[in-house]
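Beneath this line is the structure, given in structure tokens, with notes to follow.
In this text, all values refer to a predicted model and were calculated from it rather than measured experimentally. Naming: A, B, ... by sequence-line order, numbering from 1 per chain. Quick note: numbers below take in every heavy atom, side chains included, and nothing from hydrogens, waters or symmetry partners.
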There are 2 protein chains.
Amino acid sequence: MVYNKTKKVLARQEKLRKKILAAAKEVMAEDTAGKFSIKSIAQKAGIATGTFYLYFANKEALIEIVVQDLYAELLAIIKEERARYTDVFDKLRASMEVCIKTFLKKRQMAKILLVYFPEINSTINSKFTHIEKDLINFVKEDIDQLLAEDRIPPQDSLVSATAFVGTFREVMLSWLNTEEEVDWEQAYNTLVEYNMRGIGKK
Amino acid sequence: MVYNKTKKVLARQEKLRKKILAAAKEVMAEDTAGKFSIKSIAQKAGIATGTFYLYFANKEALIEIVVQDLYAELLAIIKEERARYTDVFDKLRASMEVCIKTFLKKRQMAKILLVYFPEINSTINSKFTHIEKDLINFVKEDIDQLLAEDRIPPQDSLVSATAFVGTFREVMLSWLNTEEEVDWEQAYNTLVEYNMRGIGKK
DNA sequence: GCTATAACTGAATCCTGGTTCATTTTTTAC
DNA sequence: GTAAAAAATGAACCAGGATTCAGTTATAGC
């Protein structure tokens, strides 16, 4: 006979699954390299190492889920913010603003997406390259529209969009690695202005 | 009694050391992740794995030497090119130009410095963070000078310099990963213009 | 309460790949 | 040519960590 799970058990398992994911994010955000162990995650989640494998197929699958998870979260935040504006420049500016602020607020997310992600991106079968492209294409579409509206000088929109995203990665990474206090307000403005000028806002 | 190496042996060993380094660079540039094995390097260099350890203390030391090596090479090229100009804008433009062209020509160097380097940067005790900072400071000094000369609008020069370098990494990385043909001329111009406008060239 | 099934445990297994070292080959110095 | 020293070899060793699985505990259904 096959037993069915009760709601109570289902709820407990769902909770544990989330607990493991949370522990994984913590661990991943802590030790910068791709060196974390399943054992450390299990420990942090308060389970036996074997139990981990009842919830996730293997390490690779876990990483994939964590990254997709965080990425989806970030993307949703950006999309929501963009929806508030109609002018493309405003959309762009809003994207930048919310992106920076989210990363500043959710350091864990920033660390995993910015530091960890590029590593695994090359290690694991490139399941994630699309994420990179997604983000760049996002910006590219805005630039294309601005080009169509003749509001910025001619340029290779893909290259510009790539450069645009690159400024973020680099700046956020430098912030993640630094201990010193940063004047966020000024830094943020500089970054936004840099890219606005970069694409050629008149 | 202690024997002395003859010139012939010294020469042979020097040659072999270089051969191992070359093999290492090849292997590192090939498999994108930090997953290469000493065995594969030894094989490519035509030696036994044990022999590797007669020439390099261990894997970490090898990586350090390779990265420092390539970085020094790149830096020398940039410095030489910069020396040809006096105006800061020209220096900046020249740096960009020679950097891109070098990376395009020496794909191996690009792959190791751009893909591989960030990985190990976090993995290994941060012996390399200074490289990152060096490069950014390079640009920062130019920006500071332009600010002093009142030729660009007020900005946080460190953030701008970081953003500047970021555009390169991102764009070069996208080129390294793409299979498609790229119109280098246009792409290159877009990238240079992006940064020139970005810092606020009037 | 009782038994079949499912969930959990953590020690044991397995694999990968860096590093070592006893042995073999080459070089030195006479 | 020969014996001591150095260099080279590659199989064996070893560590770390992912994954498994036999044994234990909890749950389901009656």
Keeping to residues at least two apart or across chains, list the ring pair (Phe, Tyr, Trp, His ring centres under 6.0 Å) pairs with something in residues 43-72 of chain B.
B:Phe52-B:Phe56
Could you tell me the separation between the CD atom of B:Glu60 and the P atom of C:dG18, rounded to a whole number of Å?
13 Å
A:Lys25 and A:Asp69 ion-paired at < 4.0 Å
yes
Classify B:Phe56 by what it touches in the nucleic acid, base, sugar-phosphate, or nothing, heavy-atom distance under 4.0 Å.
nothing
pair B:Phe164-B:Val159: side-chain heavy atoms closer than 4.5 Å
no
Nearest-nucleotide wise, let me know which of B:Tyr55 and B:Met1 is further upstream toward the 5' end of DNA chain D.
B:Met1
Got A:Thr162 and A:Lys140 here, is their nearest side-chain heavy-atom distance under 4.5 Å?
no
5'-most contact on DNA chain D: A:Lys59 or B:Arg12, nearest heavy atom basis?
B:Arg12
Check the distance between C:dT16's P and B:Lys35's NZ and give it to me in whole angstrom.
13 Å
Does B:Arg93 come within less than 4.0 Å of B:Asp87, counting only side-chain N to carboxylate O?
no
Could you check whether the side chain of A:Tyr3 and the base of C:dA4 have a donor-acceptor pair of N or O atoms closer than 3.5 Å, going by distance alone?
yes
Whole-Å distance separating the CG atom of A:Leu10 from the C1' atom of D:dA28
13 Å
Which ones in residues 38-51 of chain A lie close to DNA chain D, meaning a heavy atom under 4.0 Å from one of its atoms?
A:Ile38, A:Gly50
Answer with base, sugar-phosphate or nothing: what part of the nucleic acid does B:Lys5 contact at a heavy-atom distance below 4.0 Å?
sugar-phosphate
Does the distance from a Lys or Arg side-chain N to an Asp or Glu carboxylate O, for A:Lys44 and A:Glu30, drop under 4.0 Å?
yes
